[in-house]
Each structure stands twice: as structure tokens, then as C-alpha cells.
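These notes are about the structure you will find just below.
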Amino acid sequence: MNSSILLKFQFILLASLFTLSACSKPAPVFHETVFTMGTLVEVTIVGADAKIAEEAYSAILDDFNYMHNTWHPWKPNALKRINSLLQTGAPFPIAPSIMPLIKKSQILSEQSQGLFNPAIGQLIKLWGFHQDNLDEIIEPPEGEDIQAFLKNLPKMSDVKFKGISMFGTNENIQLDFGAFAKGAAVDATIEHLKEFGIKNAIINAGGDLRAIGNKNGQPWRIGIRNPRADGIFAAIEISGDESVFTSGDYERYFESDGKRYHHIIDPRTGYPANKSRSVTVIHSNAATADAASTALFIAGPEKWHAIAKVMGIKYVMLIASNGDVHMNPAMAKRIKFTIKQPTIKLSNPL
Ligand code: AMP
Ligand code: MG
């Protein structure tokens, strides 16, 4: 045996011994679930010292509670104060607690051609979604109230910055980060975990998540909810640093006269978007994934491709309102159906 082959052989032997020892001794797993940001948040940390995992968890709980309180769309808080100041049009000092959300969502809103539009809080409120209990809603709003709002549709670009001040240029503006705050919070808390030296973790906020590293050498396996039945529709494996976000018409809705009115509003019509049942996207950044899943849901099967491209989203699965499953080829390679494989409409590569 020549020496280079011998070296290779020794390396393979060492590598497999290492893998065997890694398999035989599973890394410690920290796992906690908490109700915050209006949903159940599941935190899993793998391979970290138990004390560090505890400390990191307690730190991100504080983060979550702070963000939940500051960004909540209808409780009295910093966002509410800013909304009333923006409506006056007069300049006021920049609010550091909301500023990063505004700046990032201005870019994403522009890229989505205004389909993701967190400036339409008044419209979301008009539909009754600014309350916890949707059972109390008995009918949709009056068409003329919707039309009156659309005549002066606020946009994210109506928030202006000048020096150390900010001001609004549309009296209808009301920021509601319901489509984006969860993603921003997941990003912030994952970054905080990294500061604790944690390399393998997943933060799953009601099915929307970001994962870093892996689970004991294996990829994280994620279930995607069936939009029309209980249980999982498909599974996907992620590793490295990836976020998976889904927007669906089953998450918040009320029924009136046998019709379902859900919470994702098309800013062009003022009514719940009617082309999709759910959209799942994968992107490294959770806030971008969150905004994109909402925007592509509204875009529907004909328009999602163009908008995903501008938003820089490489993996998309859209279940249309007629049940058709649309995907780009890169997503199709990663999705494993847990139900009978549906017919997939593949788009061009993104
Ligand atoms: P998601 O589940 O991420 O798609 O977010 C849905 C939430 O975003 C809703 O409950 C509303 O608070 C808000 N929302 C609804 N329509 C829009 C829209 N067109 N742009 C931005 N936010 C929206
Ligand atoms: Mg979203």
C-alpha cells in the first residue's frame, strides 16, 4: 500500500470512528415552549452546556416579551403612539424601538409591489382583525368604507425620515407589523442565541421558524401544515441557517353567511386575497421570509414568480385556492409529501 493510500485509509477510519462516537453519545438537548408573540414558541437548543442554554433561553424570553409589547398592533404601546403621531403629519423624534422594522419593511414592501403593505393597519382594523376573539365578528365591513380607505391608500413610503425626526405623509397611515414582526423577532432571538455561543438551535413560532446548525449531525426536519385538514401536508429538511415561513388563510378568519373571510388583505381590492390557501417560503432571513410569504400569498399563482424574484426568494410552494400546488424546481427538490403526492405545477427556475 503506498503512503498516500494509507493516509487516506487512516483518515476514513478516523472520520468513521468520529461519526460513530458522535452517534453513540447524543448531544444534550434543551427544549422549552412558551406562549409569546400571540403564539406558542418552541425553543430547541442542541449541544450546548445546560447552564448556558438556560441563560440564553431566559434572555430571549425577555427579548420576545419586549418585542411583543412594543410591536403589538392594537394594544397601547410605542407603536400606537407612533401611529397617532404619523397621522398628524408633524415631525417627531425617531423611535428607535420601531425604526428597524420600518426601514426593512419599506424595502420589502417596495420589492413586493406594495402587496406586503404594513401601512394598512386601519383596513385590517376595519375588517375586525384588531381583536383576539374573531367569533365576535358577524359580518364583513361595508364596501363603501373599504372604497373610502382605498381612495387614499397609505404606503410604507409615506413614512419619511429627516435628520433625527420622522413624519407621516398620509393621514390614513397605521402601521401593523402582523405580517412581519414574528420574523423580525425570530431573527433577533436567533442572533442573541449566537451571542451565547450556541451553534445548533431552532426557534419555532407557531410553525414559522429559523434554524441554525443541525440536530445532532442530522438536518432539522420541518412539517408544513395542510391548509384544508388537520396534520402535515409535506416535510422539508433544513440545516445551516434557514427560515421557513408559511402564510395561510386558515390561521385567522371569521365566517359570515357561510363564507370565510381571512386575515391576509389584498391592498389593491381591500378584501381578503382570494387566490391562495397557503404559501411556504425558505430564506436565510426570517423577517424577509415572513414578509415574502404574505406578499406571495396575495400575488397568487400567476404573479408569485415575478415577485419572489425581486424579493430574492429561492424556494416557494404555493397552494392555490383550487388546490393546485405550484413550486419552483429548487423547492420541488426539497419537499417530501407526507400525503399522496399532488400534481405539481412547476414554474421556471427563480
Ligand atoms: P402572515 O400570517 O405573516 O401572512 O401575516 C398576516 C397578518 O399580516 C394579518 O393578521 C395582518 O395583521 C397583517 N396583514 C394583512 N394583510 C397584509 C398586507 N397586505 N400587508 C402587510 N400586512 C398584512
Ligand atoms: Mg408573513
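When a ligand or atom number is given, it counts from 1 through the structure's own listing order. Bear in mind the structure is a predicted one, so any value in this text is a computation, not a measurement.
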Is there a nitrogen or oxygen of R252 sitting under 3.5 Å from a nitrogen or oxygen of ligand 1?
-> no

The protein heavy atom nearest to atom 2 (O) of ligand 1 is H263 CE1, 3.6 Å

Between M327 and the options I319, I335, L318, T280, the side-chain contact (heavy atoms from CB on, under 4.5 Å) test singles out I335

With atoms numbered from 1 as shown, which atoms in ligand 1 lie under 4.0 angstrom from a non-hydrogen atom of D290?
-> 3 (O)

Considering only heavy atoms of N117, which atoms of ligand 1 have at least one such atom less than 4.0 Å away?
-> 18 (C), 20 (N), 21 (C)

List every atom of ligand 1 that sits less than 4.0 Å from any heavy atom of L115, numbering the atoms from 1 in the order shown and giving each element.
-> 18 (C), 19 (N), 20 (N)

Indicate yes or no: does K51 engage D49 in a salt bridge with an N to O separation below 4.0 Å.
-> no

Specify the protein heavy atom at minimum distance from atom 16 (N) of ligand 1: its residue, its atom name, and the distance to 0.1 Å.
-> I265 N, 3.0 Å

Hey, which protein N/O/S atoms does the Mg ion (ligand 2) have under 2.8 Å?
-> A179 O, D290 O, D290 OD1, T294 OG1

Linking Ile, Leu, Val, Met, Phe, Trp and Tyr by side-chain heavy atoms under 4.5 Å, what else ends up with F167?
-> none

Numbered atoms of ligand 1 (with element) below 4.0 Å of T294, judged on heavy atoms = 1 (P), 3 (O), 4 (O), 5 (O)

For F116 and ligand 1, answer yes if some heavy atom of the residue is under 4.0 Å from a ligand atom, otherwise no.
-> yes

Within less than 4.0 angstrom of ligand 1, does P267 place any heavy atom?
-> yes

Could you list the atoms of ligand 1 found under 4.0 angstrom from a heavy atom of P118?
-> 21 (C)

Counting only N and O atoms by type, is there a donor-acceptor contact under 3.5 Å from the side chain of S321 to the main-chain atoms of N274?
-> yes

Report the C-alpha distance between M166 and I98 in whole Å, list the side-chain angles of each, state the deciding distance to 0.1 Å, and finish with yes or no for side-chain contact (heavy atoms from CB on, under 4.5 Å).
-> CA-CA 11 Å; M166 58 192 280; I98 316 282; over 6 Å; no

Backbone or side chain, does any N or O of I120 fall under 3.5 Å from an N or O of ligand 1?
-> no

Are W304 and F297 close enough that their ring centres sit under 6.0 Å apart?
-> no

Give a yes or no on whether a salt bridge exists between E191 and K194, defined as a side-chain N under 4.0 angstrom from a carboxylate O.
-> yes

Within 45 degrees of the axis of the six-membered ring of F129 and under 6.0 Å from its centre: does R252 put its NZ or CZ there?
-> no

In terms of side-chain heavy atoms, does N77 have a donor or acceptor partner in H72 at a distance below 3.5 Å?
-> no

Among non-hydrogen protein atoms, atom 13 (C) of ligand 1 lies closest to I124 CD1, 3.7 Å

If we ignore angles and hydrogens, is there a donor and acceptor under 3.5 Å between the side chains of T169 and D158?
-> yes

N/O to N/O below 3.5 Å, does that happen between T246 and ligand 1?
-> no

Look at the side chain of D187 and the backbone N and O of A287, then say whether any donor-acceptor pair between them is shorter than 3.5 Å.
-> yes

Should you measure from each heavy atom of I298, which atoms of ligand 1 turn up under 4.0 Å away?
-> 19 (N)

Measure from the ring center of F337 to the ring center of F233 and say whether it is less than 6.0 Å.
-> yes

Less than 4.5 Å apart, any side-chain heavy atom of Y66 and any of S97?
-> yes

Contact atoms of ligand 1, heavy-atom distance to D176 under 4.0 Å | 12 (O)

Flag for E251-H262: side-chain donor and acceptor within less than 3.5 Å = no

Before signing off on this row, confirm whether A179 and ligand 1 have an N or O atom pair separated by under 3.5 Å.
-> yes

